[in-house]
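Every value quoted in this text rests on a predicted model; they were computed, and no experiment measured them. All chains are named by letter (A, B, ...) in the order of the sequence lines, taking the proteins before the strands, and each is independently numbered beginning at 1. Just so it is clear, the values below take in all heavy atoms, side chains as well, and ignore hydrogens, waters and symmetry mates.
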Amino acid sequence: MVGAFEQAVLAAMIFVIMLGMGASLTPRDFVLALKRPYGMLIGLVSQYGFMPLIGLILALTLPVSDPIKIGLLIMGCMPGGTTSNIFTYFSRGNLALSVLMTVNSTIVGILAIPLLIVSYVAILTATGSISLVVPAQNIIVTLILLLVPVAIGMAIRRWNANVGALVELVGSALGLVFIILLLVTWVPRNWQFLLETPGWVFFGAIGLGVFGFLFGYLFSTLLKLHPRNARTIALETGIQNGPLAIAIVAFTFTGPLQDIQQAVMAVPALYSLFIVITSAMLTIWFRRANATEEQKIPDALL
Amino acid sequence: MRPFTRVTALACPLAIASIDTDQLIPARFMRRTRKEGYGPVLLHDLRFEADGAPKPDFPLNRLEYRSAGFLVARRNFGSGSSREAAVYALADFGIRAVIAPSFGDIFAQNAVNNGLLPVRLPEDQVEQLLAKLAAEPAEITVDLERKQVEATGLILPFSLDPVWRTKLLNGWDDLDLTLSHRAEIEQFMAHDASSRPWMMPDRSVQPAICRVLEQFSKSCLRGLPEPRPRPISLGQNKNAGREESPLIMTNQEQGPEAGPAQDVSTIRLIGDIARNSARIYGARTAYSIVMPNGMYGRLSFEAIDSLSDDFAAYLREELGLHAGDRVALQIPNRLTFPIPTFCVAKAGLVLVNTNPLYTGVEMGRQFADAGIRALVIVDMFADKLTEAASIHPIEHVIIAAVSEKMPRMVSGVIRLVQRYWDRSLPMVGLPHHLFGDALARGAALRASRGIEVKDYTADTRPDELAMLQYTGGTTGVAKGAMLSHSNLVSNVGQAGICFGGEIRPGAEVVLTALPLYHIFAFTANMLFFHRWGAENILIPNPRPISNLKRAFENHAVTWMTGVNTLFNALNNEFWFAEDPPKSLRGAVAGGMALQASVAERFKAITGIDVLEGYGLTETSPIVTFNSRRNFRLGTIGQPMPETDIRLLDAEGQAVGPGEPGEIAVRGPQVMGGYWNRPEETAATLRNGWLMTGDIATVDSEGFYRIVDRKKDMVLVSGFNVYPNEVEDVLSAHPGVVEAAVIGVPDGAAGEAVCAFVVLRHREAPTPGQLREHCKAHLAAYKVPKRIEFREQLPKSNVGKILRRELRAELEKAGG
């Protein structure tokens with residue numbers, strides 16, 4: 001259960017994270033994204049093609065309760081997480097590509113996410129898997145509000161690059177802080193609930209990320225992309241915006257749906273906790289691979 | 001200062017049609033070099049006596065003292081990009097007023113600021129005046145009170161812009177008569193002409209122009225002192241048989257927008273560049289360092305000037321260094337690079353640039369060779385100090401923080417990362433001072449002892465040693481090329497002429513991703529663009545290439561310099577290729593051969609021709625350059641102004657037309673020799689010509705093309721074989737990925753051609769097949785006698801195949 005104070009803190013954190021994302025952008029990046037639909041398409045296919053599908057398949061096949069299924073679905077439909085940028089940086093991947101993909105998926109997500117969630121929930125309902133109604137309008141509102149901090153972030157960067165870079169740094173770091181916060185506040189409070197949670201839930205939450213990495217990498221390799229970019233896309237696909245999912249759940253499942261909020265929250269929370277571990281392992285592996293391939297620029301001209 | 005109301009001088013009209021150009025008169029203060037009739041015009045500085053001593057009370061702003069000539073122009077004068085240059089050129093010729101029907105705005109403004117009076121006479125009155133003057137030289141008086149021009153019997157009213165009038169009547173207290181550029185005079189003179197006689201290739205017109213100028217100077221400038229003589233440099237044989245070369249020359253002919261004016265008479269030493277720019281560009285940003293995440297720090301021109309003064313005071317007073325002492329600088333592209341650079345020049349010391357990535361042993365060897373007394377090093381690399389100091393004890397160590405001079409917040413973040421994340425702040429094992437403290441102490445010393453930093457270089461001649469720039473060359477043993485102030489200042493001046501009117505003073509933004517401790521970026525990015533008031537965007541580390549992304553996004557970069565690898569990397573970055581910076585106006589390449597494919601792709605992306613140049617550390621460095629006007633892809637361009645190039649064969653004789661020969665260079669930018677290596681110096685500098693060790697050809701229009709390195713040439717039975725040629729043929733075979741060719745000793749034939757080939761696995765040819773392939777394209781003696789297969793070839797971090805390593809391998813294996 002998420003109280004009012006926590007909701008406020010959550011909102012503030014999302015705001016700052018989005019602010020950080022905005023501070024990493026210039027208007028030209030949007031022009032670039034539009035000019036290069038091929039690149040954008042790869043990212044979008046991974047993010048809104050594969051991931052929701054993985055979420056759907058897990059929801060359809062795993063023997064879990066309805067709220068968990070919704071949770072899996074929501075998690076799958078999320079845009080890329082800003083923590084992917086940090087992990088890409090440490091893995092010496094293509095940071096510019098990662099940032100662009102995160103931004104693209106966030107912007108497109110405003111339309112895509114509600115659409116996907118509603119349609120897939122319909123599929124689940126149709127197949128008799130669940131019998132819930134998911135209020136889509138709350139989701140839309142939450143997402144639109146996200147645009148505001150992005151715009152402010154962009155303005156900050158325009159005004160002063162130093163402050164912008166600092167905001168960007170803070171925003172990205174906050175993504176990790178969020179995980180810690182989760183660990184410290186949410187887990188103890190829901191300990192009993194977690195103990196009663198069947199293993200399949202854990203499988204789903206962790207699997208979402210791992211399958212995402214796998215598909216992202218395979219897809220890019222199939223398209224004959226440069227291995228460094230393939231690794232970047234793998235990280236980008238698997239890492240979803242956990243805080244956003246939690247925020248959406250917290251703000252959507254209110255009022256009469258408050259009872260199932262805790263159950264729906266389980267997947268995003270578990271996902272966020274475990275994705276750090278899985279991404280870190282992958283990053284270490286990738287870092288070694290990328291370092292050897294780095295483009296060589298002379299530091300001594302002979 | 002009482003206002004001037006009358007300006008009187010002798011008139012000397014310079015309208016083309018009315019001058020008789022046949023008289024060859026040795027000018028008072030114009031000298032020629034022995035260059036088949038070429039100028040240049042020797043600058044002289046009226047503030048000095050004939051023997052070089054400064055005139056004690058030369059009143060710069062007393063027009064009558066400088067009084068010399070008027071220039072009468074038939075048409076609009078001073079439009080176009082030559083406007084600044086024209087002012088300086090005229091002022092230096094002793095012209096005090098220009099009479100014309102109209103003026104370019106900026107020219108007029110500049111003129112007034114520099115002690116040149118623009119006088120507006122309607123066209124018909126100009127014709128009247130000219131007719132009068134053609135008949136006889138007359139005394140012209142410009143009466144500012146009554147606004148009329150009087151020329152013995154002729155009175156013509158003129159108009160004066162109200163702004164100028166106020167300035168004039170209030171006295172010109174800040175006159176500074178500075179540069180001169182002969183090309184501007186020529187440009188003006190040809191303004192009326194229907195053809196452009198100064199352009200290549202018809203060089204016969206040059207002498208005529210020179211003669212006109214001489215005649216003008218003789219008749220107009222009577223009574224002025226002889227020019228200050230310039231002593232021969234450094235005791236070396238550099239310019240034997242040739243006088244100290246004046247700094248202006250148009251060997252490379254330019255069009256009407258010839259180069260920006262050169263502050264040559266006030267920029268004699270490197271330190272003058274900083275002072276000059278601080279005076280003109282003041283608070284503008286001189287250097288911005290941009291981190292990969294966009295964080296930046298800035299220093300203005302004034303700040304650089306005053307901080308380098310502080311540091312100079314510190315080095316001389318506090319540390320007690322003497323003129324000529326060596327100071328090593330071991331800093332990557334940071335804000336702390338330009339400060340010590342200009343400081344060392346201003347303090348009369350000698351700069352020794354050191355690669356920050358050297359090991360302690362390499363550092364120690366270089367320090368020992370140069371005999372350094374002080375070292376300024378960045379904190380990140382201070383861990384190698386103990387090892388270096390064990391080879392050569394360093395008297396004074398000054399540590400500069402990586403984030404020095406950056407805004408507090410940014411440097412705070414950087415220090416946090418350095419200390420706790422990277423853990424790259426090593427313990428310094430030697431006693432040392434901190435850069436920030438040194439600056440503060442220097443400032444305090446300046447104030448308390450009233451030190452004039454100018455005094456340190458009051459007696460310094462431009463040909464004195466300014467820098468020891470170490471070059472590894474291809475022998476692997478680093479030698480210090482001795483570069484004087486005039487070497488570097490000349491090169492900056494020459495570059496100015498080459499760039500034509502493309503550099504807008506105070507408006508350019510240049511991206512510096514190449515290391516400043518290498519002579520290319522040092523001269524081109526730092527000295528040249530600093531001199532022209534450009535903002536320098538420093539990139540601390542261009543790897544990975546995405547580190548440049550934020551720099552391009554946050555700053556409107558107008559110029560960039562690079563090497564082939566850098567341009568290639570940019571071409572392959574999606575953010576650069578898809579959305580190239582629109583503000584980019586020019587790109588300059590050097591350091592290694594620019595591949596045509598890379599240049600073409602860059603042009604396709606940005607629309608800009610990459611201007612390739614050629615040079616060596618030993619030549620400060622630019623020797624040849626493709627200017628925008630004289631551009632040919634695939635060549636290294638034409639020689640810089642005042643630079644002579646000859647192509648010599650093995651005996652030292654000039655080769656025939658179209659034949660390849662070793663490039664020999666002579667020019668003001670050529671070094672004085674190698675420090676402490678008389679044999680190497682004697683081998684490289686012969687009779688004032690520098691042997692570069694590069695083989696090149698020249699085409700009929702004067703464009704040079706590098707063929708190969710001399711030491712890589714293979715001598716087969718007395719025939720020269722160029723490895724590049726054989727490598728190209730081998731690489732053309734579909735089964736070959738890349739190839740390297742060297743010479744191996746071969747008894748009777750002298751040497752034989754040996755090829756190392758990396759094969760594509762799918763279609764591996766046999767040695768026999770490769771030889772057949774070569775025979776089809778090459779003469780028999782060029783076909784490799786011996787072919788070895790390898791998985792990969794040794795390469796430098798530039799991507800150049802290291803032939804010397806292959807040679808060493810073979811030697812070790814026993815040939």
Say you draw a straight line from OG of A:S24 to CZ of B:R550; how long is it, rounded to the nearest 0.5 Å?
6.0 Å
On a heavy-atom basis, the closest approach of A:A161 and B:G294 is CB-O, 3.6 Å
Does atom CZ (A:F50) have a neighbourhood of more than 12 heavy atoms from anything else shown, all under 6.0 Å?
yes
Is the number of heavy atoms from other residues, nucleotides or ligands under 6.0 Å of A:F215 CZ greater than 12?
no
Could you check whether any side-chain heavy atom of B:M295 comes within less than 4.5 Å of a side-chain heavy atom of A:L166, counting everything from C-beta outward?
yes
Heavy-atom pairs under 4.5 Å with chain A: which of B:M409, B:M291, B:M406 has the most?
B:M409
Is the number of heavy atoms from other residues, nucleotides or ligands within 6.0 Å of CZ (B:R365) greater than 12?
no
Proximity breakdown for A:R158 and chain B, heavy-atom pairs closer than 4.5 Å:
neither
Which atom of A:N162 lies closest to which atom of B:Y296, heavy atoms considered
OD1-N, 2.6 Å
